[in-house]
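To start, the structure itself, in structure tokens.
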Protein chains: 2
Amino acid sequence: MPAVMEQPLTDLSKWKTDECSIGKAMDLIGTRSAILILREAYYGTTRFDGFATRVGVTEAVAAKQLRRLTDAGLLRKQPYREAGQRTRHEYALTEMGRDLLPAVLALMQWGDKYLQEGVSPLLVVEDSTDSPVQVQVRSAAGNEVGLEQLRVRLNRGWRPRKAR
Amino acid sequence: MPAVMEQPLTDLSKWKTDECSIGKAMDLIGTRSAILILREAYYGTTRFDGFATRVGVTEAVAAKQLRRLTDAGLLRKQPYREAGQRTRHEYALTEMGRDLLPAVLALMQWGDKYLQEGVSPLLVVEDSTDSPVQVQVRSAAGNEVGLEQLRVRLNRGWRPRKAR
DNA sequence: CCGTATCCTGATAGATACTG
DNA sequence: CAGTATCTATCAGGATACGG
């Protein structure tokens with residue numbers, strides 16, 4: 001039994017597709033290279049060359065996506081001083097960038113399960129306990145919930161925006 | 001303090017980018033329309049026309065992505081009989097498709113927070129309690145963990161595949 | 001209602017070469 | 001090390017028209 005909408009959203013005058021958070025998110029960061037650059041940021045990469053090399057894209061692509069993510073607010077370009085070295089700069093995650101971690105880990109978890117034959121190459125673990133992490137859907141009440149226990153409804157208080 | 005790799009993955013002979021689960025996942029379902037079609041499946045849509053209309057794409061795009069998702073194993077095309085009606089078919093989620101729910105909800109949650117002005121349009125709640133759901137990263141030990149408490153390491157037992 | 005076929009635009013991304 | 005510039009191939013996706 002699948003999840004269910006309280007009422008079908010057929011009334012597109014109220015619910016425009018381009019109001020959807022998922023669609024907006026995909027418009028902004030829904031490319032392979034953008035997600036992979038974020039992955040690298042989570043792994044600890046901070047410098048231009050590191051992103052280009054480890055993601056395996058050309059400098060042109062790395063530059064474009066780094067600019068995009070920086071402009072969008074997921075990364076911040078900061079000056080970076082090392083003792084006796086000339087000033088460099090690094091790309092650091094913002095809160096906005098960090099907050100996408102569950103989405104990226106969820107993708108990884110899913111890919112590990114279905115797109116690798118047998119063993120997945122990397123393990124993400126809790127540092128202190130070395131136990132693997134898992135992405136879960138939980139209710140505020142504290143229960144882990146699956147698709148069958150979900151319901152979707154229009155948010156009271158939300159009003160459609162003007163047409164463009 | 002960011003997450004840290006046990007050792008930097010500069011050795012690309014061991015760690016090819018195209019072995020990455022995230023990259024593989026993005027190759028398969030990393031387009032706006034594919035994700036939005038999955039969203040609709042989670043919302044309960046099962047028929048061709050519903051997908052095309054609600055996602056807001058042309059039939060050509062809907063057909064292509066539905067085929068893609070079906071071929072990949074996230075959806076299954078099933079015969080569908082209604083009393084006294086001619087046979088139709090519906091697109092049903094497989095376990096593989098359901099298992100992507102956390103990723104899609106994580107995207108939605110992130111978009112709600114950063115890409116909507118003020119109030120998010122839709123609410124996903126636990127049916128029985130009406131309390132909103134949240135996507136979380138948890139360790140097997142049961143703790144919710146943030147980026148700072150994570151560590152990434154090569155999985156023992158994993159061996160690189162032959163070059164292509 | 002469920003698609004297929006064709007044409008077209010724009011964006012992703014590779015290759016290569018060059019600057020501060 | 002950190003990019004920019006150009007040129008090109010591939011693909012997502014819109015528009016439109018047509019067939020089961």
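To find a chain, count down the sequence lines: A is the first, B the second, and so on, and within it residues start at 1.
- For the pair A:Arg32 and C:dT12, the criterion of a side-chain N or O lying under 4.0 Å from OP1 or OP2 is not met.
- In the hydrophobic clustering of ILVMFWY residues, with side-chain heavy atoms under 4.5 Å counting as a link, A:Leu36 and A:Leu66 come out together.
- Although no hydrogens or angles enter the test, the distance criterion places no donor-acceptor pair under 3.5 Å between the side chain of B:Glu126 and the main chain of A:Ala140.
- Nucleic acid contact class of A:Tyr91 (heavy atoms, under 4.0 Å, all strands): sugar-phosphate only.
- Per the geometry, CG belonging to A:Asp49 stands 8 Å off C1' belonging to D:dA2, to the nearest Å.
- Distance, A:Met26 CE to C:dA11 C1': 14 Å, rounded to whole Å.
- Less than 4.0 Å separates DNA chain C from at least one heavy atom of each of the following residues of residues 57-69 of chain A: A:Val57, A:Thr58, A:Val61, A:Lys64, A:Gln65.
- One interatomic measurement links the two molecules: CZ of A:Phe51 to P of D:dC1, which rounds to 14 Å at whole-angstrom precision.
- In this structure, the CZ atom of B:Phe48 is 17 Å from the P atom of D:dG19, given to the nearest Å.
- Checked by atom type and distance alone, the side chain of B:Arg32 pairs as donor or acceptor with a backbone atom of A:Gly23 at under 3.5 Å.
- For A:Gln116 (side chain) and B:Glu19 (main-chain N/O), a donor-acceptor pair under 3.5 Å exists by modelled atom type.
- Straight-line distance from the NE2 atom of B:His89 to the C1' atom of C:dG3: 8 Å, rounded to whole Å.
- For A:Ile29 and C:dT12, the CD1 to C1' distance is 15 Å, given to the nearest whole Å.
- In this structure, the side chains of A:Tyr42 and A:Leu100 come closer than 4.5 Å at one or more pairs of heavy atoms.
- Residues B:Val104 and B:Leu93 fall within the same hydrophobic cluster, defined by Ile, Leu, Val, Met, Phe, Trp and Tyr side chains chained together at heavy-atom separations under 4.5 Å.
- Proximity of a side-chain donor or acceptor of A:Thr94 to a complementary backbone N or O of A:Arg76 within less than 3.5 Å is not detected.
- Taken together, the paired segments of DNA chain C that extend over three or more consecutive Watson-Crick or G-U pairs, each closer than 3.5 Å at both contacts, are C:3-20 with D:1-18.
- Rounded to whole Å, atom P of C:dT12 lies 15 Å from atom CG of B:Asp27.
- Here the side chain of A:Lys77 is nearest to one of D:dG3, C:dA13, C:dC1, namely D:dG3.
- Remark: C1' of D:dG3 and CD of A:Glu90 are 17 Å apart, rounded to the nearest angstrom.
- Not a single ring-ring contact (aromatic ring centres under 6.0 Å, His included) links B:Phe48 to another residue, sequence neighbours left out.
- Residues A:Leu74 and A:Arg68 have side chains not in contact (no heavy-atom distance under 4.5 Å, counting atoms from C-beta outward).
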